[in-house]
Each structure stands twice: as C-alpha cells, then as structure tokens.
Amino acid sequence: MKILMVCLGNICRSPLAEGILQKRAWEAGLNWSVESAGTNGFHNGEAPHRLSQKVAQLHGIDISKQRSRRIQNEDYEQFDLIYAMAPDVIDDMKRLAKKTYQAEKVKLLLHELNPQEDLEVPDPYYGGEEGYHEVFELIDRACDQIIKKYGSR
C-alpha cells in the first residue's frame, strides 16, 4: 500500500505522520510506502521543522532526510490513500487538483479516531515545543488505527 500524508507546508505535521506510519508499518511487517507533501509549496526542498525532527527523534524516528514537496496531480494516481491533516488542507487539495482530485482516496487523518467529526491535527508551527508533542501523540494514535484497519489487507 502507498499512503501520502498532506498538510500545508510539509514541514511539521505531515513529515511526522510519514515517519510515524512508516515506522509502524515496518514494525508490523507491512511492505507499505509512506510519503508526505504540502499544499502551499513555500518550503519545497526543506527538511522538516527542527521541533518535528526533535520530537520524532525522542520516539526513535529519524525524519531528518525527508524534504518538503508540493502535492502533484500525479499523486492521486500513485497513492492508494491520501490523508489530510485538516479540512482546509482538503479544500486546498481540491482547488489545486481540479479534475484530478479523487475524493474516494482522500480522508482526514483524525477520521481514523473520530469518524463522525471533521477534526484537524493542530498546526504547531507558530507555537512552542509542547505543541509538537501533542501533535505527535494525535498522529501516533491515528496511525495505530490505520495499521489495525488496513494492515490485514
């Protein structure tokens, strides 16, 4: 299975989601490929935010080699599932992709925890380190559900 994690800048939330889900998949013996992208392209080519890297490292996950990229129309063909970190990210994805957008592949990440609510993974970019820890925990719980839900397929 190929899964894409998407946020705005692809330096805070989606790199954490990529790293967490990839690690969980490997630990579960799943041959999954997980990547991440952003909708705004402002940070193309940059490494994840230093606090995302720090928090990931505290959990034994190295995301330092990831590089930010903008979501492309081809991603809708290449990935089986695409998880957005927030409803506004889905709005941006629809606007950017136009006719290539594939709603059946796109889900809110936190729907894995609360399917009846359109909750977002908070963007920790403008806050302190504590926000990155909170985001890590939310994403980790959602990734655990993804492994349980799709790991036996």
Side-chain angles (χ1 to χ4, degrees), residues 1-50 52-53 55-57 59-115 117-125 132 135-136 138-153:
M1 180 169 316
K2 290 188 72 169
I3 299 174
L4 183 65
M5 301 294 197
V6 184
C7 69
L8 295 175
N10 191 213
I11 60 168
C12 294
R13 297 173 288 180
S14 56
L16 280 172
E18 174 185 344
I20 293 166
L21 185 58
Q22 189 66 74
K23 181 180 185 214
R24 286 198 169 269
W26 287 331
E27 290 171 348
L30 301 170
N31 188 27
W32 289 4
S33 172
V34 183
E35 294 181 28
S36 61
T39 58
N40 67 24
F42 293 157
H43 300 281
N44 280 354
E46 291 181 22
H49 190 282
R50 65 178 179 78
S52 287
Q53 290 188 52
V55 170
Q57 195 64 52
H59 293 273
I61 302 170
D62 181 5
I63 63 172
S64 65
K65 293 188 179 34
Q66 292 181 24
R67 292 297 175 263
S68 176
R69 72 172 182 89
R70 190 171 196 190
I71 191 167
Q72 303 293 315
N73 287 345
E74 301 80 47
D75 290 329
Y76 295 96
E77 293 301 322
Q78 295 175 4
F79 290 91
D80 302 303
L81 287 172
I82 301 174
Y83 282 102
M85 300 297 120
D88 64 326
V89 173
I90 290 178
D91 293 342
D92 288 346
M93 290 167 63
K94 288 176 182 175
R95 180 181 51 76
L96 291 167
K98 295 179 179 52
K99 293 179 183 177
T100 58
Y101 181 80
Q102 294 182 34
E104 68 279 2
K105 290 186 177 186
V106 178
K107 302 174 183 284
L108 275 176
L109 182 67
L110 292 187
H111 272 181
E112 295 301 341
L113 299 176
N114 299 298
E117 296 182 61
D118 290 345
L119 301 175
E120 71 178 69
V121 176
D123 190 346
Y125 185 74
Y132 288 83
V135 163
F136 185 95
L138 265 177
I139 293 171
D140 190 48
R141 288 180 31 231
C143 288
D144 193 34
Q145 288 302 115
I146 293 168
I147 295 293
K148 288 176 184 172
K149 185 175 183 178
Y150 297 104
S152 61
R153 291 185 177 185

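Worth knowing before you read on, the calculation uses all heavy atoms, side chains too, and leaves out hydrogens, waters and symmetry mates. This one's a predicted model, so the numbers in the text were calculated from it and none came from an experiment.
Note that the OH atom of Tyr76 and the CD atom of Glu104 stand 11.0 Å from one another [nearest 0.5 Å]. How far CG of Asp140 is from NE2 of His59: 7.5 Å, rounded to the nearest 0.5 Å. With rounding to the nearest 0.5 angstrom, the OG atom of Ser36 is 12.5 Å from the CD1 atom of Ile3. Distance check, rounded to the nearest 0.5 Å: CD1 of Ile146 to CZ of Arg141 gives 12.5 Å. Here the CG atom belonging to Asp88 is positioned 11.5 Å from the CE atom belonging to Met93, to the nearest 0.5 angstrom.
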Worked check of side chain to side chain contact (heavy atoms under 4.5 Å, CB included) between Ile61 and Phe136: CA-CA 11 Å; Ile61 302 170; Phe136 185 95; 4.1 Å; yes
task: Take Tyr83 and Ile139, measure what side chain to side chain contact (heavy atoms under 4.5 Å, CB included) needs, and give me the verdict at the end.
output: CA-CA 11 Å; Tyr83 282 102; Ile139 293 171; over 6 Å; no
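The closest donor-acceptor contact from the side chain of Gln53 to the backbone of Pro48 lies under 3.5 Å. Panel note: side chain Ser68, backbone Gly9; a donor-acceptor pair is recorded below 3.5 Å. Judged by distance alone, the side chain of Asn44 and the main-chain N or O of Arg70 form a donor-acceptor pair under 3.5 Å. Not a single donor-acceptor pair under 3.5 Å links the side chain of Lys107 to the backbone N or O of Leu81. Of the possible polar contacts, none joining the Lys94 side chain to the Tyr101 backbone as a donor-acceptor pair under 3.5 Å is found.
Contact detail for Cys143 and Ala17: the closest heavy-atom pair is SG-O, 4.1 Å. Closest of all the heavy-atom pairs between Met1 and Tyr150 is CE-CB, 3.8 Å.
The side-chain heavy atoms of Met5 and Leu16, taken from C-beta on, include no pair separated by under 4.5 Å. Ile71 has its side chain within reach of Leu4: a pair of non-hydrogen atoms, C-beta onward, lies under 4.5 Å apart. Between Asp62 and Gln57 the shortest side-chain heavy-atom distance falls below 4.5 Å.
With sequence neighbours left out, Glu112 forms a salt bridge (charged side-chain N to carboxylate O under 4.0 Å, His left out) with Lys149. Scanning for side-chain contact (heavy atoms from CB on, under 4.5 Å) contacts around Asp91 gives an empty result, with sequence neighbours left out. For Thr100, the side-chain hydrogen bond (donor to acceptor under 3.5 Å, both in side chains) test picks out Asn73, with sequence neighbours left out. Every residue two or more places apart in sequence or in another chain was checked for a side-chain hydrogen bond (donor to acceptor under 3.5 Å, both in side chains) with Asn40, and none qualifies. Evaluation of the salt bridge (charged side-chain N to carboxylate O under 4.0 Å, His left out) rule for Lys148 yields Asp144 as partners, not counting sequence neighbours. Listed by chain and residue number, Leu108, Asp118, Glu120 satisfy the side-chain contact (heavy atoms from CB on, under 4.5 Å) test with Pro87 (two or more places apart in sequence, or in another chain). Checked against ring pair (Phe, Tyr, Trp, His ring centres under 6.0 Å), His111 has no partners two or more places apart in sequence or in another chain. Residues meeting the side-chain hydrogen bond (donor to acceptor under 3.5 Å, both in side chains) test with Asn114, sequence neighbours left out: none. Not counting sequence neighbours, Ser52 has no partner by the side-chain hydrogen bond (donor to acceptor under 3.5 Å, both in side chains) test. Not counting sequence neighbours, the partners of Gln22 by the side-chain contact (heavy atoms from CB on, under 4.5 Å) test are Ala25, Trp26, Val34. With sequence neighbours left out, the side-chain contact (heavy atoms from CB on, under 4.5 Å) criterion links Asp123 to Leu8, Cys12, Arg13, Tyr125.
Residue pairs satisfying the salt bridge (Lys or Arg N to Asp or Glu O under 4.0 Å) criterion with at least one member in residues 73-82, sequence neighbours excluded, are listed as follows: Arg69-Asp75.
Here the rule is side-chain contact (heavy atoms from CB on, under 4.5 Å) with Val89, and of Leu109, Val106, Thr39 only Thr39 fits it.
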